[in-house]
Amino acid sequence: MTTREQQFMQAAIEVAREGMNGGKGGPFGCVIVKGDEIVGKGCNSVLCNNDPTAHAEVMAIRDACKNLNSFQLTDCELYTSCEPCPMCLGAIYWARPKKVYFAANRYDAQDAGFDDSFIYKELVLPYQSRQIATTEFGREEAVKLFEEWGKLPGKVEY
């Protein structure tokens, strides 16, 4: 990697360290870059926000989208101190940056006590077989919402 990428990865690691030492949450940090400028930052803030979705990548995406006044991160790069978990990976795909860089991988995180492997296993199971009871009902009424959405004038596709 070039010095540029190393600089931004180091920034993500420093954001992780600051958040961890500040009692915000686990040792995870993320920066989002457009061109050569950091446009969003986030550290794991699960503990301080009492929010299980306040992972570093999600926090950085929220910050960057607010700063860019956009719900997508077109032409942005995401640097994160660890391989994104399934939730964060989903958020990243919805945000649509052009590239993701990560430092530690999911196995390094697992060794440190942050194990997401059960989620990867759950994702491929039929919903009736998952650990958290999941039941589908009310589908007909909910599908009508999609039909209404399809006819909505001026809707923004995303």
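Because the structure is predicted, anything quoted here is derived from the model rather than measured.
With rounding to the nearest 0.5 Å, the separation of CD1 in I119 from CD in Q131 is 10.0 Å. With rounding to the nearest 0.5 angstrom, the CH2 atom of W149 is 6.5 Å from the NZ atom of K155. Once rounded to the nearest 0.5 Å, the distance linking CZ of F114 with SG of C85 reads 11.5 Å. Atom CZ of F71 is separated from atom CD1 of I61 by 14.0 Å, given to the nearest 0.5 angstrom. In this structure, CG in D116 is found 11.0 Å from CG in L89, a value given to the nearest 0.5 Å. To the nearest 0.5 Å, the span separating CE on M59 from CG on N49 amounts to 5.0 Å.
The shortest heavy-atom contact between P52 and M87 is O-CE, 4.1 Å. When all heavy atoms of E57 and P84 are compared, the closest pair comes out as OE2-CA, 3.7 Å. Contact record, M9 with T80: SD-O, 3.4 Å, taken as the closest heavy-atom pair. Closest of all the heavy-atom pairs between Y107 and N105 is N-OD1, 2.9 Å. Smallest separation of non-hydrogen atoms from S81 and A12: N-CB, 4.3 Å.
At least one side-chain heavy atom of C76 sits under 4.5 Å from a side-chain heavy atom of L68. Between S45 and D51, the closest side-chain pair of non-hydrogen atoms is not below 4.5 Å. Using a 4.5 Å heavy-atom cutoff, the side chains of Y120 and P86 are in contact.
S117 places no side-chain N or O within 3.5 Å of a backbone atom of D115 that could act as its donor or acceptor partner. Not a single donor-acceptor pair under 3.5 Å links the side chain of E18 to the backbone N or O of V15. A donor-acceptor contact shorter than 3.5 Å is absent between the side chain of D108 and the backbone of A104. When atom types are taken as modelled, the side chain of T134 and the backbone of I132 share a donor-acceptor pair closer than 3.5 angstrom. Remark: the backbone N or O of L78 is not paired with any side-chain donor or acceptor of K99 at under 3.5 angstrom.
Note on R106 versus E83: salt bridge recorded, some NZ/NE/NH1/NH2 to OD/OE distance being below 4.0 Å.
Partners of E122 under the side chain to side chain donor-acceptor pair (under 3.5 Å) rule, at least two apart in sequence or in another chain, do not exist in this structure.
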Enumerate donor-acceptor pairs with a distance under 3.5 Å from any side-chain N or O in residues 21-42 to protein atoms, sequence neighbours excluded.
from: N21; atom 1: ND2; to: R17; atom 2: O; distance (Å): 3.4
from: D36; atom 1: OD1; to: R4; atom 2: NE; distance (Å): 2.6

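Defined by atom type and a distance below 3.5 Å, a donor-acceptor pair is missing between the side-chain atoms of Y158 and Q72. Checked by atom type, the side-chain pair Q10/Q6 shows no donor-acceptor distance below 3.5 Å.
Hydrophobic cluster membership is shared by L73 and V100, with clusters built from Ile, Leu, Val, Met, Phe, Trp and Tyr side chains linked at under 4.5 angstrom.
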Exercise. Between K144 and E147, does a salt bridge (charged side-chain N to carboxylate O under 4.0 Å, His left out) hold up when you go through it step by step?
Worked result: CA-CA 5 Å; K144 289 178 186 176; E147 294 167 2; over 6 Å; no
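Under the 30°/60° scheme for interplanar angles, the aromatic rings of Y79 and Y101 are found to lie parallel.
Enclosure of atom CD in Q128 by more than 12 non-hydrogen atoms of other residues, nucleotides or ligands within 6.0 angstrom is indicated.
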